[in-house]
Amino acid sequence: MAVAEGLEVARFLREQPKKLFIGGEWVESASGKTFDTIDPSTGEVLARVAEGGAEDIDRAVAAARKAHESGIWRDLPPAERAKALWRAGDLIEERANEFAQLESLDNGMPINDALVFKVPLAAATFRYYAGWVTKLDGGTQSLSLPGKFLSYTLRQPVGVVGQIIPWNEPLLMASWKVAPALACGNTVVLKPSEETPLTALLLAEILQEAEIPAGVINVVPGFGETAGARLAAHPHVDKIAFTGSTEVGKLIAKTAAETNLKRVSLELGGKSPNIVFADADLARAVSGAFMGIFLNSGQICSAGSRLYVQEKVYEQTVDELTRSIENLQLGPGIDSMTQMGPLVSQTQMDRVLGYISIGNKEGARLVTGGKRASGHGAGFFVEPTVFADVEGKMRIAREEIFGPVLAAIPFSDEEDLIAKANDTMYGLAAGVWTSDVKRAHRVAHALQAGTVYVNCYHMFDPAAPWGGFKQSGWGRELGPYALDLYTEIKNVIVDIA
Ligand code: ADP
């Protein structure tokens, strides 16, 4: 708390109840249990939060079900629902400093990233979906049946939606989930990650202030194996939206199938190729490779963690990238000079260091980094790390590390590149750096990835669909595609003869 004195976030840390938000009220957990959320830059306790368990999830689902059945939200005139969501976007923006500081303290991300990029994007997501509320239209069909029929479709809310989000982008993931679900008239039970529950609680405050009725949005912090698992299994949850590891995503799909066959959308892991052709603007490609892997300390599912470089410029690219890392400022996210913060937890740091040791054992060439960063006390800092001459079969080229660890791999030509880049179980994102426009499109078409960036990386916009091929998930969030995740299509056929 000492570090937060004098900051806007001090009010939240001191006064906000940090309880469960159920049915429009802040309540204790049924068990009375709490858990600590840690500031990863110091390893110290940041806040103590009520720990939701299965019973609390049941209460939250009951509140969401009641709100749904009452029609208090889904039957509101669309313009009214739109107004509330737009207001939520405004309130996020008005309290951007508080959100950014909280996110930075809880997750470790640099405050500037939070303030300039993440928080505005969360606000923009609410506004984008506010725009869709008045446009949830269906269509009419020209039937060839004998007689005369009027056939039309309606988009109706799915019902009660359970949403489980990870710790890497807590506010952004909450807004990508909650905004489209509410826009479509659903009611929501959101379970933030046990590592980073705080901004979801602040979001609950804001949604209440935006006059979203009680029970329409419920937020239950808690652990995955208890609260998360109950939400996935709950017979009165109609849909579950999950972002996290592929392993847990599979568990959720299985649970959904074994219970009430609730709808499932999944945004899972990645091992995204960032590809540099010899004809690229190398300076831009190097900074794109740098940002692709080190943004949020590599804790982004679309991190460009496999850097493919055409042989002719391979050594030069690796050298320039290594040089640019020398000036990278590591530190607590809350320090405005920081460019890269800590990893979110001791567990995540140990996992990343474990992968670095695997890379060394597998015989990859460690170019820079490779250790826990010194001089940061008990904080969970890992040096920005680059391995070169990585081979496709190595685990550091195949498994998601979720940390600041890059695997650089040379390739000869386009055919070689496509085979290598697609040789993965994942398919979330990819980057292509080239000055040849035909090549850019050819490669973009051939890559098995939900998003392909050309001469850019990590560009996010509420209008741009997000999700993965292969084991990176099911469905697409954002853009109009998310409306399909949160509505049921109903066909009505009327005999008018
Ligand atoms: P990460 O590797 O990013 O921590 P996880 O998939 O473990 O990803 O966690 C993402 C979210 O899933 C978190 O909110 C976590 O609490 C939740 N979670 C973890 N295990 C389960 C589970 N068995 N059932 C439901 N949710 C879970």
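Keep in mind that this is a model prediction, so the values were computed, not measured. As the structure lists them, so they are numbered: ligands from 1, and atoms in each ligand from 1.
Each salt bridge (charged side-chain N to carboxylate O under 4.0 Å, His left out) pair with one or both residues in residues 104-116, not counting sequence neighbours, would appear here, but there are none.
A salt bridge links Arg263 to Glu488: one of the charged nitrogens lies within less than 4.0 Å of a carboxylate oxygen. Taking a cutoff of 4.0 Å between a charged side-chain nitrogen and a carboxylate oxygen, Glu194 and Lys191 qualify as a salt bridge.
For the pair Lys239 and Tyr486, the distance from NZ or CZ to the six-membered ring centre is under 6.0 Å and the angle to the ring normal is within 45 degrees.
A search for side chain to side chain donor-acceptor pair (under 3.5 Å) contacts involving Asp423 returns Arg398, not counting sequence neighbours. Taking Phe380 as the reference, nothing meets the ring pair (Phe, Tyr, Trp, His ring centres under 6.0 Å) condition, with sequence neighbours excluded.
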Could you pull out every N or O of ligand 1 that sits under 3.5 Å from a protein N or O, with the distance for each pair?
unit_1	atom_1	unit_2	atom_2	d
ligand 1	3 (O)	Trp167	NE1	3.4
ligand 1	4 (O)	Trp167	NE1	2.8
ligand 1	6 (O)	Ser245	N	2.9
ligand 1	6 (O)	Ser245	OG	2.7
ligand 1	14 (O)	Ile165	O	2.7
ligand 1	14 (O)	Lys191	NZ	3.1
ligand 1	16 (O)	Lys191	NZ	2.9
ligand 1	16 (O)	Glu194	OE1	2.6
ligand 1	16 (O)	Gly224	N	3.2
ligand 1	24 (N)	Gly224	O	3.4

